[in-house]
There are 2 protein chains.
Amino acid sequence: MPERPSAGRADLEEAILRAAEAEFAEKGFEGATTAAIAARAGLPKANLHYYVATKEALYRRVVEGVLAAWLDAARGFDAAPTAVEALTRYIEGKMDLARDRPLGSRIFAREVMSGAPVIRDFLDTTLSAWVRERGAIVEGWVADGQLRPLDPKVLFYMIWAATQHYADFAHQITALNGGVPLDDAGFAAAKRQVVATLLGGVLAPRPDDMAAIPA
Amino acid sequence: MPERPSAGRADLEEAILRAAEAEFAEKGFEGATTAAIAARAGLPKANLHYYVATKEALYRRVVEGVLAAWLDAARGFDAAPTAVEALTRYIEGKMDLARDRPLGSRIFAREVMSGAPVIRDFLDTTLSAWVRERGAIVEGWVADGQLRPLDPKVLFYMIWAATQHYADFAHQITALNGGVPLDDAGFAAAKRQVVATLLGGVLAPRPDDMAAIPA
DNA sequence: TGATGGTTTGACCGCTCGGAAAAACTGACG
DNA sequence: CGTCAGTTTTTCCGAGCGGTCAAACCATCA
C-alpha cells in the first residue's frame with residue numbers, strides 16, 4: 001500500500017467530493033463539468049475518473065451527503081419537551097446548517113426544481129415519514145393549546161423556506177447588503193428574527209409564551 | 001404580410017417564450033437545449049433560430065419577463081394605509097404569483113444560485129432601491145408601533161422565501177401531499193396560514209391587531 | 001533487480017450541442 | 001407570370017462534453 005506524503009486515498013476522495021459539491025451547487029448537474037471538478041480538486045480529469053465511475057455516480061454520492069446532513073439537522077426537532085424549545089432548536093439548527101453548508105442546500109433546491117430525479121425516493125419515503133411523525137407531534141401541540149390552529153406541513157414549509165433561503169439566495173442577500181456577505185453578527189440577528197417571527201406567528205397568544213420569544 | 005391561419009409572428013414568439021420558460025425552469029440554462037425548446041414550441045430548431053439570435057438572448061428575454069412579473073406583484077405592497085393591509089396584500093400577491101407562474105420563480109432561483117450572472121444588475125439597482133424604499137416604510141410602521149422591532153430586510157426575505165417556496169419546491173410539496181399536487185383549496189388554506197403566521201409574527205401584540213389576522 | 005499492483009496521465013473517441021449556411025417554399029404585388 | 005421579401009427546413013460544422021485506453025509511473029517485496 002503506497003503511502004503518499006500529502007494525499008492519501010481518503011483525502012483525495014474527500015477533495016473530489018468537496019470540489020464536486022461546489023461545482024454542482026453553482027452550475028447544476030448539467031452545467032458542471034467533470035474537467036472543472038477535477039481541476040478544482042487539483043488533478044487531471046482522467047485521474048478523477050479513476051476514483052469515480054461516472055459523473056452521475058459522483059453526483060449521487062454528493063447528494064447522499066446532503067441528505068445525511070439534512071437528517072442530522074432535523075434531529076434538533078426531537079427530544080425537546082415544549083413546542084417553543086423544539087421549534088427554536090430546529091429553526092436555529094437549520095439556520096446554522098444553511099450558514100455552514102450552503103452548497104448542499106443549493107444542490108437540494110436544484111434537485112427539487114428539476115423534478116427530483118435523484119432524490120424522489122427520499123422525498124417519498126424518508127421525508128414523508130419524517131413529516132408525518134413530526135406533524136403528529138405538532139398537532140399535539142395545537143391540541144394542548146401550545147400552538148394556534150395550523151397545518152403542520154405548512155409550518156414546516158415556512159421553516160424550510162425561511163432558513164434555506166439564507167443558503168440558496170445568499171448571493172441575493174449579499175447584493176442587498178451592499179455587496180458584502182452577511183457577517184456573523186448580521187446572520188445572528190437574522191436568525192433571532194426568523195425564530196421570533198415564526199414562533200410569534202404560531203404560538204398561541206398567551207402572555208407567558210409571548211415572553212419566551214427571544215427579542 | 002403573410003397571414004397564416006394558426007400562427008402569426010406574435011403568436012409564434014409567444015409560443016417560443018413560453019416553451020423556453022418551461023425548459024429553462026426545469027433544466028436550467030445549461031441543461032436546456034434549443035432543440036428541446038423548439039420542439040416544445042412546435043417548430044424545427046433552425047426555425048427557432050430565425051426568431052432568436054442566440055440561446056442566451058432567448059434566456060435574457062425570458063428573464064426580463066420574470067422580473068417584470070415580479071415588479072408587478074411587488075406593487076401590491078404600495079398604496080395601502082396600514083401595515084396589516086400592505087403586508088397582507090403583498091404576501092397574497094406573491095403567493096398567487098407563485099401559484100400562477102411558478103416557472104419564473106424557478107428561473108429566478110436558479111439565476112441567484114448561479115451567482116446571478118444575468119440579473120446582477122437588477123439586484124444591485126432596481127431591487128436594492130425597492131428594498132431601501134419599502135424598508136423605510138416598514139421602519140415607519142415599527143416606529144409608530146404597528147410592528148414589533150425588526151429588520152425590514154429579514155422580513156422581506158421571509159416573505160419571499162415562504163411564498164416562492166410554493167413555486168420552487170412544488171415538486172416536494174406534491175410528494176409530501178401523497179403524490180398529488182396541491183389543489184386550489186389546499187393552496188388557499190396554505191396562503192391563509194402563511195399570511196396569518198407572518199403577520200402574527202411581526203405585528204405588535206395589541207389585541208385589536210391580533211383580531212385583524214385572518215383565521 | 002525484476003516482478004507486481006495500484007495510480008497517474010496525455011491522447012483520443014463518439015456524441016451532442018449551439019449555431020451557420022443555403023436552398024426551398026410561400027404569398028403579395030406589379 | 002415574374003419578382004421579391006419574409007419564412008421554413010435540410011444540411012452541415014466546430015467546440016466541448018463524458019468517458020476510454022494504454023502507456024508511464026511508483027512503491028513495495030521476493
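Every chain is numbered from 1 and lettered A, B, ... according to where its sequence line falls, protein lines coming before strand lines. Worth knowing before you read on, the calculation uses all heavy atoms, side chains too, and leaves out hydrogens, waters and symmetry mates.
Here B:Glu30 does not pair with A:Lys27 in a salt bridge; the nearest charged N to carboxylate O distance is not below 4.0 Å. The existence of a salt bridge linking B:Glu64 and B:Arg60 is excluded, since no basic side-chain nitrogen approaches an acidic carboxylate oxygen closer than 4.0 Å.
Look at CG on A:Leu12: it is 10 Å from P on C:dT7, rounded to the nearest Å. Distance A:Leu48 CG to D:dC21 P: 17 Å, rounded to the nearest Å. If you measure from atom CG of B:Asn47 to atom P of C:dA20, you get 15 Å, rounded to the nearest angstrom. Summarising the geometry, the separation between CD1 on A:Ile16 and P on C:dT8 is reported as 9 Å, rounded to the nearest angstrom.
Residue B:Tyr50 places none of its side-chain N or O atoms closer than 4.0 Å to OP1 or OP2 of D:dT8.
Between B:Leu123 and B:Ser128, the shortest heavy-atom contact is O-OG, 2.8 Å.
Taking the six-membered ring wherever Trp is involved, the centroid distance between the rings of B:Tyr59 and B:Phe24 falls below 6.0 Å.
Residues satisfying the side-chain hydrogen bond (donor to acceptor under 3.5 Å, both in side chains) criterion with B:Tyr90, sequence neighbours excluded, are B:Trp160. Residues satisfying the side-chain hydrogen bond (donor to acceptor under 3.5 Å, both in side chains) criterion with A:Glu21, sequence neighbours excluded, are A:Arg101.
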Summarise how protein sits on nucleotides 15-20 of chain D as a single string, 5' to 3': B when a protein heavy atom is under 4.0 Å from the base, S for sugar-phosphate-only contact, - for no contact. --SBBB

